[in-house]
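The structure under discussion appears below in the form of structure tokens.
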Protein chains: 2
Amino acid sequence: MADPKYPVRTVGRTFEILEIIQELDGAGVSEIAARVDIGKSAVHNHLTTLENYEYVDKDGDEYHIGLSFLGLGAYARNRTPIYDTAQSQVDELADETGELVNLLVEKNGKGIYLYQSKGENAVELDTHEGKRVRLHCTGLGKAILAFRSDETVDEIIADQGLPELTPQTITDRDAFDAELEEIRDQRYAVDREERLNGLRCIAAPITDDSDRSIAAISVACPVHRVDDDRFYEDLPEAVLGAANVIELEYNYS
Amino acid sequence: MADPKYPVRTVGRTFEILEIIQELDGAGVSEIAARVDIGKSAVHNHLTTLENYEYVDKDGDEYHIGLSFLGLGAYARNRTPIYDTAQSQVDELADETGELVNLLVEKNGKGIYLYQSKGENAVELDTHEGKRVRLHCTGLGKAILAFRSDETVDEIIADQGLPELTPQTITDRDAFDAELEEIRDQRYAVDREERLNGLRCIAAPITDDSDRSIAAISVACPVHRVDDDRFYEDLPEAVLGAANVIELEYNYS
DNA sequence: GAATAGTATTCAGTTATAAAGAACGAAGAG
DNA sequence: CTCTTCGTTCTTTATAACTGAATACTATTC
């Protein structure tokens, strides 16, 4: 995390280029060179090298992210202890509710979607596996923070702040602490359009045997389709049930 | 594919290091330096830079592949056109059969597992999403090759050969061509322990509207548990059914 | 069909930088 | 307590990455 004493600039540039390609959904040499601080011949050299290693695909004059990253990504995910036990439960919950179900873990103060399963009526969202999100504005993130030490929460908020993403985002520190307290009480978190207008979620933490969160699981659904009864009654029960099964399997087997 | 005229060596080294970390399932500086042709201080510089960009995690003195790759990997997978339509069918087939179901695509003459779904009794294997395999020794690979032009098959075999992985692997070119012919006839391929002893599969190609394969789907099961009746009667039907649904959705919607 | 305006590539020169290698510090084994 | 072993720091140097201009494509427009 701390700045490296002797950074290898080329490594940084390589990943900058890759992230630009992803962001632009495919890009050419000049397009990339305009965004990264090196000339286009240098960018060209990077890209042909990456292509040689099969980490990017060349399609005409456009370069794209290669499937080789799936190997590294899936490997990293499989190494994450909770993934193995949680996956089938996430699938089942998606089946049961018909909605979009997410599994999130925390890394360096941010959330990373580890797995996602789409029920029959699942909303189409900007989230995808591997995506990073701020913790304070999602049900998942709040559920995770509620079951971490006060010091950890302090650190993360000091680092990340409480930026407003929608009018409903909690941006006040005291209000946020009260929210975490409530989540600890009821053992699940509610996201009332705090990250995205029109979207709300019910999320539950998955904790280890000392009640520290290691992940969170959520059901996300559009405000207009799912009424309050179902949202506030049925979903919490379903989500808590799934979280519980995962915890049991994870901690006692 | 052709060697780059002006390669950026550092890019290659970076991915060599990452692949070593993956292979060793986590590694320290000296361990990596021993395998890559640079000194340990240089390796150290690489690793701290990668850590800074969150592409590796440091755990004590061991470095591990970071979850950030999941973002790139999942993105690349989502960009693959067949993935979206095939995923739910793969899941369903896994549910139905209780076995391990795989989806493979071809890239540069090799196969890449795009998606995998575990049924209730699924075998535990060395395959995982993103893994590369040779095409000639799996049902999936043979199904894909059977629905490509002769020239393409020639090129790929010239490039990759027909190396023997088990006593059952087809290593003779003429026998391989006959096998492809048979697959074209019955529209599914059988892997009789050709890649891994004790494992056999039924695989069907997924073709576009001009009957060129774009992927293949398979059910894999252990020889000792699944008897011939089920293997040669029930499974082909199930796999062909799933492939058919995917083709319909993919080509006509 | 020529001209033009975008691209991607190539290439030689320059300079920034990645790597070597030795030294230091910390941690663990015998 | 000494002897390894490993990670980290630091300087020096050779190298390899980048610049910037030239060239080669390719598509579009007149």
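Numbered from 1 within each chain, the chains take letters A, B, ... in sequence-line order.
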Run the side-chain donor-acceptor check on residues 17-33 of chain B: report pairs under 3.5 Å with partners two or more places apart or on a different chain.
| unit_1 | atom_1 | unit_2 | atom_2 | d |
| --- | --- | --- | --- | --- |
| B:E19 | OE2 | A:Y55 | OH | 2.5 |
| B:D25 | OD1 | A:Y75 | OH | 2.4 |
| B:E31 | OE1 | B:G28 | N | 3.3 |

### Query
Hey, are the side chains of B:L162 and B:I170 touching, using non-hydrogen atoms and a 4.5 Å cut-off?
no
### Query
What's the CD1-C1' distance between B:I17 and C:dA19, to the nearest Å?
12 Å
In residues 109-117 of chain B, what donor-acceptor pairs under 3.5 Å come from side-chain atoms, sequence neighbours left out?
| unit_1 | atom_1 | unit_2 | atom_2 | d |
| --- | --- | --- | --- | --- |
| B:Y115 | OH | B:D91 | OD1 | 2.8 |
| B:Y115 | OH | B:D91 | OD2 | 3.3 |
| B:Q116 | OE1 | B:T127 | OG1 | 3.3 |
| B:S117 | OG | B:D91 | OD1 | 2.8 |

### Query
Only one of A:R148, A:R184, A:R187 clears salt bridge (Lys or Arg N to Asp or Glu O under 4.0 Å) with A:D211; which?
A:R187
### Nearest-nucleotide pick for A:S30, side chain only, options being C:dT7, C:dA19, D:dC10
C:dT7
### Query
Do you see a donor-acceptor pair shorter than 3.5 Å between the side chains of A:R195 and A:T169?
no
### Query
In whole angstroms, how far is the C1' atom of D:dC6 from the CG atom of B:L47?
13 Å
### B:K5 side chain near D:dA17 phosphate (N/O to OP1/OP2, under 4.0 Å)
no
### Message
Rounded to whole Å, how long is the line connecting atom CZ of A:R9 with atom C1' of C:dA16?
### Response
9 Å
### Message
Distance check needed: D:dC18 P versus A:I32 CD1, whole Å only.
### Response
14 Å
### Whichever of A:P7 and A:T48 has its nearest DNA chain C nucleotide further upstream toward 5'
A:T48
Below 3.5 Å is the cut-off: list the nitrogen or oxygen pairs between protein and nucleotides 19-23 of chain D, distance only.
| unit_1 | atom_1 | unit_2 | atom_2 | d |
| --- | --- | --- | --- | --- |
| D:dT19 | OP2 | A:G39 | N | 2.4 |
| D:dG20 | O6 | A:S41 | OG | 2.8 |

### Task
Mind listing the residues from residues 60-68 of chain A sitting with a heavy atom below 4.0 Å of DNA chain C? Number order is fine.
A:D61, A:Y63
### Task
Verify the contact: side-chain N or O of A:T10 to OP1 or OP2 of C:dT17, cut-off strictly under 4.0 Å; return yes or no.
no
### Query
Hey, is A:E16 close enough to A:R35 for a salt bridge, meaning N to O under 4.0 Å?
no
### Task
Report the distance from atom NE2 of A:H44 to atom P of D:dA17, rounded to the nearest whole Å.
15 Å
### Query
Do NZ/NE/NH1/NH2 and the carboxylate oxygens of B:D37 and B:R13 come within less than 4.0 Å?
no
### Query
Quick one: does B:F176's side chain get under 4.5 Å of B:H136's, heavy atoms only?
yes
## Note on the structure
By nearest-nucleotide position on DNA chain D, the 5'-leaning member of B:V11 and A:Y6 is A:Y6
Under 3.5 Å, which protein N or O atoms sit close to an N or O of nucleotides 24-30 of chain C? Give each pair with its distance.
none

### Query
Under 3.5 Å, is there a donor-acceptor pair linking the side chains of A:H64 and B:R79?
yes
### Query
Hey, are the side chains of A:I157 and A:R173 touching, using non-hydrogen atoms and a 4.5 Å cut-off?
yes
### Message
Does D:dC18 have its OP1 or OP2 closer than 4.0 Å to a side-chain nitrogen or oxygen of A:R13?
### Response
yes
### Task
May I have the distance from B:H46 (atom NE2) to C:dA18 (atom C1'), rounded to whole angstrom?
7 Å
### Task
Would you check if A:T14 and B:F15 make a side-chain contact, meaning some heavy-atom pair closer than 4.5 Å?
yes
### Task
Return the set of residues passing side chain to side chain donor-acceptor pair (under 3.5 Å) with A:R132 (not counting sequence neighbours), or none when no residue passes.
B:E54, B:S68
